[in-house]
Amino acid sequence: AIDYDKVDEHTKFLIFPISVIGCGKTTTSQTLTNLFPETWGHIQNDDITGKDKSQLIKKSLELLAKQEMKCVIVDRNNHQFRERKQLFEWLDELKEDYLAYDTNIKVIGISFAPYDKLSKIRDITMQRVIKRGNNHQSIKLDELGEKKVIGIMSGFLKRYQPLNIDKSPDNMFDLMIELDFNEIDSSLTNVKQILNEIHRAYPILMPEIPTDDKIDEAFRKSLEYKPTVRKI
Ligand code: GTP
């Protein structure tokens with residue numbers, strides 16, 4: 001029998017965020033992949049343009065199947081339970097199309113938007129997304145206008161179903177990292193917390209935490225990130 005609890009050097013990891021728009025998922029993910037370019041990958045839902053929504057997990061598994069790859073961040077908001085459930089269902093259904101049947105996968109959740117900070121999150125993310133301007137695959141300020149962008153973001157905030165660790169699907173994560181939300185350089189703080197918690201839970205994935213200088217450099221680089229795909 002396969003012992004799914006066992007974590008060893010063959011174990012692979014997926015990260016599913018729980019978030020609303022503009023909380024810094026992409027910036028945080030880019031910082032992490034800048035730190036571990038060979039072993040960590042990042043697939044963005046915003047880069048997927050076709051009709052088949054499960055391409056998100058297919059591309060993630062395809063990347064994770066590469067021998068050197070250890071951890072792939074599946075970058076989507078997943079702000080509702082049904083989206084989180086869908087990711088677990090796709091994973092179950094599609095895993096063996098990409099990875100050997102006995103590959104052990106651990107799923108790490110990252111909650112970006114604590115419910116008690118939602119009004120602050122609203123203010124800061126709206127400012128940030130307006131400032132981001134056209135520098136996004138689908139939310140382009142010049143084309144949509146400020147009012148529409150605010151409308152899209154408000155919709156996410158209204159529908160948001162925060163982490164509920166006591167019930168399905170949120171009780172299916174192997175590890176849950178609950179981030180706080182700080183105004184200044186929240187993604188830098190996020191990355192440091194993520195590195196610490198993964199190091200503690202899965203030292204095999206992260207035997208050593210990178211130095212603060214390395215983290216700062218990776219973060220600065222990620223703030224300059226510009227998407228390459230255009231999604232209408
Ligand atoms: P969506 O994909 O639209 O849901 O957004 P996201 O959650 O991926 O957020 P993203 O990383 O794109 O961040 C939104 C904007 O805020 C971008 O312009 C980032 O450069 C900026 N940003 C993110 N984190 C930080 C931070 O810690 N400090 C500063 N100064 N800007 C940040």
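All values below come from the heavy atoms of this structure, side chains included, with hydrogens, waters and symmetry mates left out. Just follow the structure's listing: the first ligand is 1, and inside any ligand the first atom is 1.
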Is Gly24 close to ligand 1, meaning an N/O of one under 3.5 Å from an N/O of the other? yes
Short list, please: which atoms of ligand 1 are under 4.0 Å from a heavy atom of Asp46? 2 (O)
For ligand 1, which part of Val129 has a heavy atom less than 4.0 Å away: the side chain, the backbone, both, or neither? neither
Within the 3.5 Å criterion, strictly below it, is a donor on Arg132 or Thr26 matched to an acceptor on the partner's side chain? no
Under 4.5 Å between any side-chain heavy atoms of Leu64 and Ile105, yes or no? yes
Consider every N or O of Ser19 and every N or O of ligand 1, then say whether any pair is closer than 3.5 Å. no
Pull out every atom of ligand 1 sitting under 4.0 Å from any heavy atom of Asn77, numbered as shown with elements. 4 (O)
Once side chain to side chain donor-acceptor pair (under 3.5 Å) is applied, what residue pairs with a partner in residues 162-171 remain, sequence neighbours excluded? Arg84-Asp170
Any N/O of Arg132 closer than 3.5 Å to an N/O of ligand 1? yes
Within the side chain of Asp92, is there an N or O that forms a donor-acceptor pair under 3.5 Å with the backbone of Phe88? no
Between Val20, Thr125, Leu223, flag the one that comes closest to atom 20 (O) of ligand 1 by a heavy atom. Leu223
Atom 24 (N) of ligand 1: closest protein heavy atom, distance to 0.1 Å, is Ser187 OG, 2.6 Å
Atom 11 (O) of ligand 1: closest protein heavy atom, distance to 0.1 Å, is Thr27 OG1, 2.6 Å
All ring-ring contact (aromatic ring centres under 6.0 Å, His included) counterparts of Tyr160, not counting sequence neighbours: none
Proximal atoms of ligand 1 relative to Ile21 (non-hydrogen, under 4.0 Å): 3 (O), 4 (O)
Considering distance alone, does some N or O of Phe219 sit under 3.5 Å from an N or O of ligand 1? no
Taking atom NZ of Lys53 and atom CD of Glu83, what is their separation to the nearest 0.5 Å? 11.0 Å
Which atoms of ligand 1 are found less than 4.0 Å from any heavy atom of Ser186? 26 (C), 27 (O)
Lys214 and Leu35, any side-chain heavy atoms less than 4.5 Å apart: yes
Does a side-chain heavy-atom distance below 4.5 Å link Leu157 with Met126? yes
Are any non-hydrogen side-chain atoms of Thr125 and Ile21 less than 4.5 angstrom apart? no
the protein heavy atom lying closest to atom 16 (O) of ligand 1 turns out to be Arg128 CD, 3.1 Å
So which protein heavy atom does atom 7 (O) of ligand 1 come closest to, and at what separation? Lys25 NZ, 2.6 Å
Quick one: look up the protein heavy atom nearest atom 30 (N) of ligand 1 and list residue, atom name and how far away it is. Asp185 OD1, 3.7 Å
Name the one of Asn77, Asp75, Asp46 that satisfies side chain to side chain donor-acceptor pair (under 3.5 Å) with Lys25? Asn77
